[in-house]
Each structure stands twice: as structure tokens, then as C-alpha cells.
Novice: 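Pasting in a structure now, in C-alpha cells, and then I'll have a few things to ask.
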Amino acid sequence: MDQYSLETLRHSASHLMAAAVQKLYPDAKFDIGPATQDGFYYDLDMEHRLSTDDLKAIDKTMKELSNKKIPIECLEMPRDEAEKLLKEKNQTFKLERLRDIPDGEKITFYRLGDFIDLCRGPHVGNSGDIKVTRLLSIAGSYYRGKETNPMLQRIYGTAFHTKEDLNNHMRQLEEAAKRDHRKLGAELELFGFSENVGPGLVLWHPKGALVRHIIESFWREQHIKNGYELLYTPHIGRSRLWETSGHLDFYSDAMYSPMQIDNSDYYVKPMNCPFHIEIYKTRNRSYRELPLRWAELGTVYRYEKSGVLHGLLRVRGFTQDDAHIICTPEQMGQEIRQVLDFCLFIWKSFGFKDIKAYLATRPEKSVGEPERWEQAIASLEKAVCESGLACEKDEGGGAFYGPKIDLKIKDAIGREWQTSTIQFDFNLPERFDMAYIGNDGAKHRPYMIHRALFGSLERFFGILVEHYAGAFPLWLAPEQVRVIPITDAQHLYARELEAFLASKGLRVKVDDRSESLGAKIRLARNERIPYMAVLGEKEVQSSTLSARSRIDDQIPPLSFEDFAKRLLDEATPS
RNA sequence: GCCAGCUUAGCUCAGUGGUAGAGCUACGGUUUUGUAAACCGUCGGUCCUCGGUUCGAAUCCGAGAGCUGGCUCCA
């Protein structure tokens, strides 16, 4: 339809922005300016520290350059000439980027008026093709993404073919902002944080805690059904446990300082695995008792840099829905398959249907025998294949201790979230010298698989709030029915209904404030309560109730019994 | 942690050097209401914290905390 792809358009828009920046700040040194999923950015360095106020001027200059319809020309040149040009322009980052281009590859520059940029292209024909742009924000970004490198200034923007597309995009951002779990969490009194407690430490308020309780109960029930056994383990453990596990050597950056108890150092746990392994090691294990599937809602604490904390999605204390499967080589394939199916069942229960798998294989630095890696990867691949999931392979993307499958789920407005993870571990079984006695009477090293379905309850809850936009389905809603008597004369009748519904196991409250019907409905709607039962003179006379749901507005009058039946039918996970 | 920004009542926000405000919420009263906001009144403030400049600071400057958007990292 359009002559250029959105990616090309955005890439060109980043050049147009760079041209504008160069015009306003001639000392600017440019690094890279690619298109991204939603727009583009350009990384640059200069004397002037940009602030959001500067975006207006840059935007204005971009519009001027666009109106001039300046052609964007491609210039191919030999390496020495390219180097000379960049040196002349004092573009030190670009010089380094030039050195990254392998010999024999074409070296191209793109010129937009006075702005000449080392760039692979392609680009739109002229600056007049870039009409619909919006500069969004400025940020810092480390040169080449390395924390030890100097920080450049990054300008984020986006571009579209039409004004309408841009407006749609901005509306989508607004929609996402409305669903923001931090905002809804406070509004619906689900959870919060306190400066006195500390950043990244979640306080679950009664309503959020109730939803969490329902999720946990469902989780436990399903795990028992699927052949798991539940464990509880302590929050702290002696330093020698973490020495054996290797965490003190390789994970200490994320661990909190130890506390001294009776002359020993104890660490708050960043992971649950060592405790599970200790349980495994309490006695000899026979191949006959494998596979073991041990699950725990284990609360762990990890140090996260202050700048990365984000609502419930990134915290310092969180509860993993952790499990460890310990099995023989023969059982491995079947176990992986079962975990994947279990994952899919759980995601379906919470209304997520669009799920993608990412398989990460052996990285350069790794532990464990190559055959074990190959076996494990093969079984992961086979299981994903059989499950019918779409899968992307990330060669060399596994952890040093084993390959893994991560699942990403798509929420109600199309955003992807990384949640479930299934990881082999060839490291801990070695370190802890785990073994089972095979039918040959000899000791063998078991396979160990870590897996989490939700990832963490905090993160999952945050995703759920955004997915449902705060309107939990009936089975999860902290309050399922709000009973609304119209006048004081129906208060007794309302209490009768409340007691009846509660006796059926429904979560119900009465709003008997001296307020108008409209006001009570408005409040219940704002609180995202799935059902309202309105009671007036008519309902008392006919022994009925007038129901109203979040979805249907009004429902014809029902008896207490029929109403309860309807809700109980609906109140199962789907 | 780093770059940029923000922080005024429970919430949303106004107030740019001269006595701290509005709406909603909460509370008290009046009202007895038929499907998204009845009316009147009252309470509510360490203007994030500490220090500085000034006759005088919510307002200007510095440091710190928390938060937001990114970078890095990751459940």
C-alpha cells in the first residue's frame, strides 16, 4: 500500500530528527538511530543536556526540513574516504562503528541536506515523505549498552504513514496507561508500597490478598492433581549452603548482606533450589521414586538496582511459584511435555490463549557434559513441537548451567509478557552431588529441572490486573456481588440476600448507605464488581432481585436461587 | 547504579518570593431515592526531608529520599 515499510519510514525519521538536532546543536556526535517496534530513537552526545522542553524545538525543525522535501541520497564510498569524512566531522562514535564493518562490505552514507550519516539504509526518497512524527521522550543510554561505557543521550520518537495511525497509537498508549497496574492497584486497594517499608517491597492490601489467596489455592489444587508434592522451606540459610550452591560466588550481587546468628552467617534466600536439594539429600533415593515433582510458593529476596524497580513487575521481594523436577534421563522428555501442557492449562484458566515459546540453547561458557546438553535440548524441542506452540530458537541464549524454554503470553491488548520458564540445571546436581540408585544398583546423577509457571506471584498479579484492566473475572473478583437496597425499607431483605449468597460461598457485600441508586451503581461499577443485585419494593413483593452485570447492564428479575445458580456456574476458571 | 524529569490534603490538581486553595473522598446532618454522582455542613497540610540564600521560601540554590520514562539486568 504505502511505498515504504514502516521500518524504513521510522529509520528515515530518526535521520530527519538527527538532522534537526545537528542544525540546533552543531557539536552533536551521533551514534546509532534505528527503528524500533513502536518507533525510533537516536543516541547522541553533545555539550547541551537535553530536557523535554527541547523536544518542541527539535520537532519544529523537523517539520521545516520535512516541508523542504530534501532528497535523501545514498553515497557509496571506499573505506579511506569514509574515514576521512567522519574524522573531518569529528564523528568519533561513527568512526568506531565504521571499524565494525567487515572488509569487503559496501560502505554507504545517506545524506539529508547537511546531515550525512554512515548508514546501511534503506531510506525514503525525501524528507517530505516523513510527515507524521512525534517526539516522545529523552533518556540516557550507555554507549553500546555497556554499563561501564559513558552515557549518551537518547531521543525517542515515533512515525507513521498517516495521522490516523499516529492517533491510534497514542490512543493505545492511553489505553495501556488506564490499565497500569500501579494505578489500578492503588485505586482498587489491591496492593501498595510504603517508604517506611522500603522500595520494591509489596504490601498486599485485603482485596489484593484475597485475589492472591484464590490464585494460590487454585495453584496448589492443580499441582496436587498433576502429581506434585508441596514443600515449605525457610527464608534464610547458612553461608555454607550458598557456598555449596555457588550463589556466593556467582550470584552475590543480587544477595543481601548476611546476618549473624550464633557465630554463623545466614543469608536471606534469593532462590529456593538449595533447600529442595537438601530435602532430596536426606536419604538415598531409588530410581523407583523418580520423578519427584516438588513445588513451593517460595518467597525470595534479591537486590535490584533502584532504577529498575517497577510496580509489581520488578520488585525486591517476591514469591516464586517454584518447582523442581528430579528425574532419570528416560523420564525427562515426558516430564517436559507434562510441564508444557500444565503451563498451557494454567494460562487458559486465566484467559491467555496466545502463547509463544522461546528455546535457548548452549552458550559458549557452560558447565555439564555436552551429551547431557544435547539430550536436554532435544527433549525440549520435541516437547515444544508436540505441544503445537509457536517456537523461536535462541542459539547460545541458555544459562551457563542448562538450556531452557521461556514462554511469552499475549495479553488482552496484545502486549507480550515473559512468564513461565523451564530450565535444565547441570550445575546444582554436581555441586550438591545429587544421586539416585539405578536398577543396576549403581549411583547415577539425576536430571534436575527448575520451572515456574507464573514466574512470580507479584509479577503475575501485575500482569493480570493489566490484562483484565482491573475487572477480574467472577472466580477471582474479591467482591463478586454488591447488594443494593434502594431505600431503608429493603435493608432487612438485603441482609437476607447477603446471608443467602454467602451461604452459597459467594463473596458479597451490602451497600446500605443513604445514597441514591445511581450513586451506588456508579461506585460498584468503579470498583469493577461483576454483579449488582438491586432490591426495591417490587423485588420484596415478588421475592426476587434485579441483577445487573458489568457486561450486560440489566438482567430480568431472578429468584435468589436462580441468581446464585447463574453465578456459581460462571465462577469457575475458564 | 547511571541519564532526564516529577513530588502541594486520602485521590486528581491549581497556586513562581508576601496569611496554602478547589473538586472528589472521609466524617456529621438532612433526604428514602428505580439503574453511572441528592443537598447542607465539618474535618483534613512537616507544600517529600534536611541544609542554605532572603526581612520573608511551596516558590530560588545545594544535598538526600521516593516515584516516573529510559539504559543495564531480569521472575
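A note on names: the letters A, B, ... follow the listed sequences, proteins ahead of strands, and every chain is numbered from 1. Here the structure is a predicted model, which means the values were calculated and not measured. Heavy-atom basis, side chains included; hydrogens, waters and symmetry copies ignored.
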Novice: Return each pair, listed once, that meets side chain to side chain donor-acceptor pair (under 3.5 Å) where at least one residue sits in residues 514-526 of chain A; pairs must be two or more places apart or across chains.
Specialist: A:Arg525-A:Asp553

Novice: Taking atom types as modelled, find out whether A:Arg550 and A:Tyr531 have a side-chain donor-acceptor pair closer than 3.5 angstrom.
Specialist: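 No, no side-chain donor-acceptor contact under 3.5 Å.
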
Novice: Among all residues two or more places apart in sequence or in another chain, which pass the ring pair (Phe, Tyr, Trp, His ring centres under 6.0 Å) test with A:His467?
Specialist: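 Ring pair (Phe, Tyr, Trp, His ring centres under 6.0 Å) list for A:His467, sorted by chain: A:Phe352.
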
Novice: I'd like the C1' distance from B:rU54 over to B:rU42, given in whole Å.
Specialist: 38 Å

Novice: Can you tell me the Watson-Crick or wobble partner of B:rU30, both distances under 3.5 angstrom?
Specialist: B:rA38

Novice: Expressed as a whole number of Å, how far does the C1' atom of B:rC13 sit from that of B:rC6?
Specialist: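 So the two C1' atoms sit 14 Å from each other.
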
Novice: Would you mind classifying the nucleic acid contact of A:Tyr303 as base, sugar-phosphate or nothing, using non-hydrogen atoms under 4.0 angstrom?
Specialist: sugar-phosphate

Novice: Can you list everything that forms a side chain to side chain donor-acceptor pair (under 3.5 Å) with A:Glu216? Sequence neighbours excluded, please.
Specialist: A:Arg212

Novice: Determine the Euclidean distance between corresponding P atoms of B:rU72 and B:rA58; express it in Å to zero decimal places.
Specialist: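 It comes out at 41 Å once rounded to the nearest Å.
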
Novice: Which one is paired to B:rC50, where only Watson-Crick or G-U wobble pairs with both distances under 3.5 angstrom count?
Specialist: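 Here B:rC50 is engaged in a pair, and the nucleotide opposite it is B:rG62.
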
Novice: Could you tell me how far B:rC43 sits from B:rA9 if I compare only their C1' atoms? Round to whole Å.
Specialist: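 Comparing C1' positions in B:rA9 and B:rC43 gives a spacing of 11 Å.
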
Novice: Shorter than 3.5 Å, N or O on both sides, protein versus nucleotides 7-12 of chain B: list them out with atom names.
Specialist:
none

Novice: Provide the Watson-Crick or G-U wobble partner of B:rG5, both distances under 3.5 Å; none if there is no partner.
Specialist: B:rC67

Novice: For nucleotides 30-37 of chain B, just jot down a letter per nucleotide in 5' to 3' order: B, S or -, based on protein non-hydrogen atoms under 4.0 Å.
Specialist: BBBBBBBB

Novice: Going 5' to 3' through nucleotides 67-75 of chain B, assign each nucleotide B (protein heavy atom under 4.0 Å from a base atom), S (under 4.0 Å only from sugar-phosphate atoms) or - (no protein heavy atom that close).
Specialist: SSBBBBBBB

Novice: Would you mind classifying the nucleic acid contact of A:Leu50 as base, sugar-phosphate or nothing, using non-hydrogen atoms under 4.0 angstrom?
Specialist: sugar-phosphate

Novice: With sequence neighbours left out, write down each residue that passes side-chain contact (heavy atoms from CB on, under 4.5 Å) with A:Glu395, or none if nothing qualifies.
Specialist: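 Checked A:Glu395 against side-chain contact (heavy atoms from CB on, under 4.5 Å); matches are A:Thr361, A:Lys393.
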
Novice: Say you pick atom C1' in B:rG69 and the same atom in B:rG10; how far apart are they, in whole Å?
Specialist: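 Result for the C1' pair: 26 Å, nearest Å.
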
Novice: Please determine if A:Arg10 forms a cation-pi arrangement with A:Phe40, meaning its NZ or CZ atom is less than 6.0 Å from the six-membered ring centre and no more than 45° off the ring axis.
Specialist: no

Novice: Tell me whether A:Glu416 contacts the main-chain N or O of A:Lys410 through its side chain, where contact means a donor paired with an acceptor under 3.5 Å.
Specialist: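 No; zero donor-acceptor contacts below 3.5 Å.
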
Novice: Taking atom C1' in both B:rA14 and B:rC50, compute the distance separating them and give it to the nearest angstrom.
Specialist: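 Between the two C1' atoms, the distance is 27 Å.
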
Novice: What distance, rounded to whole Å, do you find between the two C1' atoms, one in B:rG45 and one in B:rU19?
Specialist: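 These two C1' atoms come out 15 Å apart once rounded.
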
Novice: Please give the distance between the P atoms of B:rG66 and B:rG21 as a whole number of Å.
Specialist: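 B:rG66 and B:rG21 have their P atoms separated by 32 Å.
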
Novice: Looking at B:rA14, which nucleotide sits across from it as a Watson-Crick or G-U wobble partner, both distances under 3.5 angstrom, or is there none?
Specialist: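 By the stated definition (distances under 3.5 Å), nothing pairs with B:rA14.
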
Novice: Applying salt bridge (Lys or Arg N to Asp or Glu O under 4.0 Å), name anything that partners A:Asp394, two or more places apart in sequence or on another chain.
Specialist: none

Novice: Please report, rounded to the nearest Å, how far the P atom of B:rU25 is from the CD atom of A:Glu189.
Specialist: 15 Å

Novice: Under a 3.5 Å cut-off for both distances, is B:rU19 Watson-Crick or wobble paired, and to whom?
Specialist: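 Pair assignment: B:rU19 / none.
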
Novice: Of all residues at least two apart in sequence or in a different chain, which pass the side-chain contact (heavy atoms from CB on, under 4.5 Å) check with A:Lys60?
Specialist: A:Glu64

Novice: List the residues meeting side-chain contact (heavy atoms from CB on, under 4.5 Å) with A:Met170, not counting sequence neighbours, and say none if there are none.
Specialist: A:Arg134, A:Leu136, A:Leu166, A:Leu173

Novice: Identify, with sequence neighbours excluded, every residue that meets side-chain contact (heavy atoms from CB on, under 4.5 Å) alongside A:Ala57.
Specialist: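 A:Ala57 satisfies side-chain contact (heavy atoms from CB on, under 4.5 Å) with A:Leu24 only.
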
Novice: Please list, chain by chain and in numerical order, all residues satisfying ring pair (Phe, Tyr, Trp, His ring centres under 6.0 Å) with A:His169, sequence neighbours excluded.
Specialist: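 For A:His169 the ring pair (Phe, Tyr, Trp, His ring centres under 6.0 Å) partners, ignoring immediate neighbours, are A:Phe160.
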
